[in-house]
Amino acid sequence: MIINQAVLYTHLLDTMKNFYVNSLDFPLTAASPRSFSIKVGESELTFKESSLHTKPFYHFAFNIPANRFMEAKQWATQIVLLNTEEKKDEIYFEAFDAHSFYFEDPAHNIVEYISRHSDCPSSKDPFSSKSLLSIGEINLTTPHVHSVGTQLINSGITVRNNRLLNETFNFLGSGSAFFLVGTPKRRWFFSNRDSEVHPLMAKVNHSLTVALDEKGMLKITQE
């Protein structure tokens with residue numbers, strides 16, 4: 001699966017634009033008074049100003065080259081404070097053969113940089129913001145896990161390793177891109193924040209648009 005674009009919402013539009021463009025040095029691809037977009041390798045990430053008088057936050061992951069994890073971590077620590085879990089600021093996921101580190105942006109999104117050693121290519125270039133490969137994960141937090149998961153499965157996005165759909169938390173996708181479909185009020189790993197339902201949109205595989213509304217209901221359209 002490929003996540004071509006993700007559209008998220010924020011109550012701190014100008015602050016977020018400054019953070020991603022000026023602090024993290026992401027290439028700016030579009031900007032307007034109520035939104036901005038940045039290039040994340042083969043993907044695009046858009047933040048829109050929230051009109052719901054809420055403070056949305058999400059968990060998402062950026063894929064980085066398979067051989068650049070430590071270099072990426074050293075790069076990030078010059079800019080942000082890494083989150084910790086049990087006094088560790090990185091983790092190896094054996095099931096994914098991947099290393100990750102995490103930090104929070106100004107809107108308290110839990111941002112993950114993940115090096116999937118088996119599914120991401122290596123790079124000969126020194127690490128920078130332009131080294132990022134794509135958006136690798138994004139959460140779909142919903143009280144309707146089974147129905148949302150079933151909709152994705154029926155659209156061809158299956159549970160990782162073809163497992164049965166879990167009622168509380170699932171990875172749906174393949175290769176280096178996944179939707180994390182889970183219930184609200186679950187603590188996000190490497191954070192002290194519990195998951196909340198917030199609207200978002202994602203385009204995947206150049207053909208599907210996946211839109212979650214403020215109640216956690218999903219709409220999928222085929223292009």
Side-chain angles (χ1 to χ4, degrees), residues 1 3 6-12 15-16 19-20 24 40 43 45-48 50 52 54-64 69 72-73 76-77 79-96 98-116 132 134-146 148-149 152 157 159-160 163 165-173 176-202 210 212-218:
M1 188 173 84
I3 300 175
V7 179
L8 311 179
Y9 292 85
T10 181
H11 66 295
L12 297 173
T15 302
M16 291 283 280
F19 176 75
Y20 280 96
L24 290 181
V40 185
S43 308
L45 176 60
T46 298
F47 287 100
K48 290 187 175 181
S50 174
L52 298 175
T54 59
K55 297 180 179 180
F57 76 94
Y58 308 85
H59 164 66
F60 48 87
F62 298 146
N63 290 322
I64 62 176
F69 177 76
K73 183 180 172 185
T77 56
I79 306 168
V80 297
L81 180 66
L82 300 188
N83 290 9
T84 60
E85 181 86 13
E86 297 180 351
K87 299 182 179 181
K88 296 181 180 179
D89 61 6
E90 65 177 67
I91 186 168
Y92 175 69
F93 294 104
E94 185 174 356
F96 288 91
H99 278 91
S100 292
F101 64 84
Y102 301 74
F103 60 88
E104 292 187 17
D105 67 18
H108 299 295
N109 294 301
I110 298 108
V111 185
E112 177 183 0
Y113 279 41
I114 182 167
S115 180
R116 305 176 192 272
L132 273 70
S134 58
I135 298 173
E137 295 175 3
I138 188 166
N139 72 283
L140 298 177
T141 299
T142 174
H144 315 292
V145 168
H146 190 271
V148 166
L152 291 169
I157 301 173
V159 181
R160 181 177 176 268
R163 294 178 180 175
L165 192 64
N166 187 284
E167 295 294 333
T168 58
F169 191 75
N170 304 269
F171 282 83
L172 283 94
S176 60
F178 297 89
F179 287 121
L180 278 57
V181 181
T183 56
K185 299 182 179 180
R186 296 183 70 261
R187 184 181 72 86
W188 285 115
F189 201 36
F190 274 77
S191 84
N192 59 3
R193 300 183 67 81
D194 292 339
S195 57
E196 297 179 1
V197 179
H198 294 290
L200 63 85
M201 186 276 288
V210 176
L212 191 76
D213 69 16
E214 65 274 10
K215 295 181 180 180
M217 302 297 291
L218 192 69

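What you are looking at is a predicted structure, and each value in this text was computed from that prediction instead of being measured.
Minimum interatomic distance between S50 and H11 (heavy atoms only, all atoms of both residues): CB-N, 4.5 Å. Heavy atoms only, all atoms of each residue included: L82 and T77 are closest at CD1-CG2, 3.6 Å. Considering every non-hydrogen atom in both A177 and I3, the closest pair reads CB-CG1, 4.0 Å. The heavy-atom pair separating L218 from V210 by the smallest distance is CD1-CG1, 3.3 Å. In this structure, D213 and V197 approach most closely via the heavy-atom pair O-CG1, 4.0 Å. Across all non-hydrogen atoms, the minimal contact from S115 to F69 is CB-CB, 3.9 Å.
If you take OG1 on T142 and NZ on K215, they are separated by 12.5 Å, rounding to the nearest 0.5 Å. With values rounded to the nearest 0.5 angstrom, I110 atom CD1 is found 8.5 Å from N192 atom CG. To the nearest 0.5 Å, atom CD1 of residue I135 and atom CG of residue N63 are 9.5 Å apart. Atom OG1 of T84 is separated from atom CD1 of I91 by 12.0 Å, given to the nearest 0.5 angstrom. We find the CG-OH distance between N109 and Y20 to be 5.5 Å, quoted to the nearest 0.5 Å.
In summary, E137 and R116 engage in a salt bridge, as defined by a charged side-chain N under 4.0 Å from a carboxylate O.
Side-chain contact check for T54 versus E214: every heavy-atom pair is 4.5 Å or farther apart. When side chains are defined from C-beta on, H59 does not count as touching F189, because their heavy atoms never get closer than 4.5 Å. Side-chain atoms of T168 and V145, non-hydrogen and from C-beta on, never get closer than 4.5 Å to each other. Here the side chains of D89 and F101 are not in contact, with every heavy-atom distance at 4.5 Å or above. Residues L140 and L152 are in side-chain contact: their nearest non-hydrogen atoms beyond the backbone lie under 4.5 Å apart. Using a 4.5 Å cut-off on side-chain heavy atoms (C-beta onward), D105 and L24 make no contact. Side-chain contact between F60 and L200 is absent, with no heavy atoms from C-beta onward closer than 4.5 Å. Residues E196 and T141 form no side-chain contact, since every pair of their non-hydrogen atoms from C-beta on lies 4.5 Å or further apart.
Remark: aromatic rings of Y58 and Y9 are distant, center separation not under 6.0 Å.
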Mind running side chain to side chain contact (heavy atoms under 4.5 Å, CB included) on E104 and N83 for me, showing each step along the way?
-> CA-CA 7 Å; E104 292 187 17; N83 290 9; 3.6 Å; yes
Kindly indicate, with the supporting measurements, whether the criterion side chain to side chain contact (heavy atoms under 4.5 Å, CB included) is fulfilled by F62 and L45.
-> CA-CA 10 Å; F62 298 146; L45 176 60; 3.9 Å; yes
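Note on ring orientation: taking the six-membered ring where Trp is involved, the planes of F169 and W188 are perpendicular (angle over 60°, cut-offs 30° and 60°). Ring geometry for F171 against F178 counts as perpendicular: the plane angle is over 60°, on a 0 to 90° scale with 30° as the lower cut. Using cut-offs of 30° and 60° for the angle between ring planes, the F190 and Y102 rings count as parallel.
The backbone N or O of G149 sits nowhere less than 3.5 Å from a side-chain atom of N170 that would complete a donor-acceptor pair. Judged purely by atom type and a 3.5 angstrom limit, S100 has no side-chain atom pairing as donor or acceptor with the backbone of E112. Checking side-chain atoms of T10 against main-chain N and O of L12 turns up a donor-acceptor pair under 3.5 Å. With hydrogens and angles ignored, the 3.5 Å screen pairs a side-chain donor or acceptor of S195 with a backbone N or O of R186. A donor-acceptor pair is defined here as one N or O able to donate and one able to accept, closer than 3.5 Å; no such pair exists between the side chain of S43 and the backbone of S134.
Taking a 6.0 Å sphere around NZ of K73, one finds it holds more than 12 heavy atoms contributed by other residues, nucleotides or ligands. Residue R163 qualifies as open at atom CZ: its count of foreign heavy atoms under 6.0 Å is 12 or below.
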